[in-house]
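Here's the structure, in structure tokens; my notes come after.
Lettering of chains follows the sequences in order, A, B, ..., and the numbering in each one begins at 1. Below, all heavy atoms of this structure are taken into account, side chains as well, without hydrogens, waters or symmetry copies. Owing to the predicted nature of the structure, the values given are computational and were not obtained by experimental measurement.
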Protein chains: 2
Amino acid sequence: MSVQATAATETRSYHHGNLAASILERAAEIIDEEGIEALTLRGIARDLGVSHGAPNRHFKNKAALLCALATSGWLSVRDATLDAADATGSSNAHIRLNAMGQGYLRWAFANRSLYRALYHPDVNRYASTELKEAIDQFSQIVRDAVEETQKEGRAQDVPLNVLTVFTNAVPTGAALMLTDPLLHHDVESEGELDRLIEQIIELVVPVAGINK
Amino acid sequence: MSVQATAATETRSYHHGNLAASILERAAEIIDEEGIEALTLRGIARDLGVSHGAPNRHFKNKAALLCALATSGWLSVRDATLDAADATGSSNAHIRLNAMGQGYLRWAFANRSLYRALYHPDVNRYASTELKEAIDQFSQIVRDAVEETQKEGRAQDVPLNVLTVFTNAVPTGAALMLTDPLLHHDVESEGELDRLIEQIIELVVPVAGINK
DNA sequence: TAAGGAATGTTGACATCGTCTACATGATAC
DNA sequence: GTATCATGTAGACGATGTCAACATTCCTTA
């Protein structure tokens, strides 16, 4: 139903008008609704009412489509992470980094399928320049935020890169584990999940007793 | 060359003799050498000098083969983790858990391709009973070890499940990040990696100043 | 404004893949 | 020794990704 959401030009013209964006949009829907293994270039073309060869004009191959999706995913998770920091209204590095971890996890849960697609083998294999840049951007904001906490006195005897990997690993690993139905069968309520997120992140970047 | 390693019966008989095991073995090789997207039932059959339909007698479908691989992977990482604990020769829960984290990470690096296959979408989707059991076994040893450290005084105000997720997330996230060429471009020497592993795990389960 | 190239979509083809069915062969239990 | 079951073979089918040749439309530019 939302298949034809874009390109709402009532005249069904030869040219679609916005096919690349529509393909990405539909691809995201499919991943979310049927899983990434149901993603098919021909299927997308069918859904969009376009010939099976059309997508090739916009994506060199299927891996390129996946990379484009992953790129927007990384940018999106970066934004969510940064927004969470800003939403604290605090300039305290610990409070900000703590919020970033929670924001990251909440994004991962709100976008499980896309989140897991970020680690799909094809994405790693045929990474584009844009994807690499998006990933670098994310890594950079984490590293910067970690560095700020260190300036505030956190784990000053630990090398920055080690502290960064550690800090980043917690939300990453937790997201991977908790979004995996095989690894985590406890069905939980919304509120329970929020509490779990808080508690886990508190163990990496404690903020108890810190004033904004 | 190592393709025909198994089933070295010089008489090329109609029946292969050990096809299931050979398929698994060859599949592991392919994943390691060419990546998981190069894995093909027909390709394996070709490599093993067997008709393209033969693998279907032993694996219901391709996903079942992946699940079998993942199952042995989880059992293997469980063993590596437990062995690392035992290798300490200590009965101190902190020392043992610390070693487990390091053992897990070392296994992940030594078997990157297989490790990443554990999180392949198809594995999640069509998980077998054996796979679920293998995963549960791994989860159990981690939870038990975490519980022991808590009895020794670690983070006693934190619920066990939270502490378990946290403790497990660090090696999991670190392995995922560090085995990803996109996330970690710093090429490092063997010794550097070992040191990094030690330092990261020390941040989750500190053992500095503990006597065996 | 007319023309012509660039962008975009279509059609048909090809190789490959997973999977199914019918059949052949070999092993094993009785 | 024979019957039955497990295992391997051969052929077919539909689906997919990708390519090349062609069609249509857009847009720049003279």
Side-chain angles (χ1 to χ4, degrees), chain A residues 3-4 6-27 30-31 34-69 117 120-123 125-126 128, chain B residues 3-4 6-27 30-31 34-69 117 120-123 125-126 128:
Chain A
V3 166
Q4 298 281 0
T6 325
T9 50
E10 53 282 340
T11 61
R12 199 55 11 294
S13 59
Y14 188 88
H15 281 98
H16 181 279
N18 203 5
L19 188 52
S22 297
I23 289 173
L24 280 172
E25 188 182 340
R26 181 61 190 144
I30 292 176
I31 287 185
E34 310 168 52
I36 199 168
E37 58 280 326
L39 195 68
T40 279
L41 289 178
R42 289 176 107 108
I44 295 175
R46 275 192 298 270
D47 292 346
L48 296 179
V50 113
S51 77
H52 70 262
N56 295 305
R57 291 286 169 206
H58 302 274
F59 300 96
K60 202 184 102 197
N61 49 36
K62 190 180 176 182
L65 170 58
L66 275 185
C67 283
L69 272 177
H120 193 281
D122 282 344
V123 173
R125 211 152 189 80
Y126 308 100
S128 64
Chain B
V3 166
Q4 299 280 0
T6 325
T9 51
E10 52 285 337
T11 60
R12 193 96 307 331
S13 60
Y14 189 89
H15 283 97
H16 182 278
N18 202 5
L19 189 52
S22 297
I23 289 173
L24 280 171
E25 187 182 340
R26 181 62 190 144
I30 293 175
I31 287 184
E34 310 168 52
I36 199 167
E37 58 280 326
L39 195 67
T40 280
L41 290 178
R42 290 177 107 108
I44 295 175
R46 275 192 297 270
D47 292 347
L48 296 179
V50 114
S51 77
H52 69 265
N56 295 306
R57 292 285 171 204
H58 301 274
F59 301 95
K60 202 183 101 199
N61 50 36
K62 190 180 176 181
L65 170 57
L66 275 184
C67 284
L69 271 178
H120 193 279
D122 283 342
V123 172
R125 211 154 189 80
Y126 309 100
S128 64

Footprint string (nucleotides 14-21 of chain C, 5' to 3'): B base within contact, S backbone only, - free, heavy atoms under 4.0 Å: ---BBB--
Atom [atom1] of [X] and atom [atom2] of [N]: how far apart are they, to the nearest Å?
| X | N | atom1 | atom2 | value |
| --- | --- | --- | --- | --- |
| A:Ile23 | D:dG17 | CD1 | C1' | 14 Å |
| A:His58 | D:dG17 | NE2 | C1' | 17 Å |
| A:Asp47 | D:dA15 | CG | P | 15 Å |
| A:Leu19 | D:dT25 | CG | C1' | 14 Å |
| A:Leu48 | C:dT8 | CG | C1' | 15 Å |
| B:Glu37 | D:dT18 | CD | P | 13 Å |

Between [X] and [Y], is any pair of side-chain heavy atoms under 4.5 Å apart?
| X | Y | answer |
| --- | --- | --- |
| A:Val50 | A:Ile23 | no |
| B:Arg26 | B:Leu48 | yes |
| B:Lys62 | B:Asp122 | no |
| B:Asn61 | B:Leu41 | no |
| A:His120 | A:Leu66 | yes |

For A:Glu34, all residues meeting salt bridge (charged side-chain N to carboxylate O under 4.0 Å, His left out), sequence neighbours excluded: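 For A:Glu34, no residue satisfies salt bridge (charged side-chain N to carboxylate O under 4.0 Å, His left out) once neighbours in sequence are set aside.
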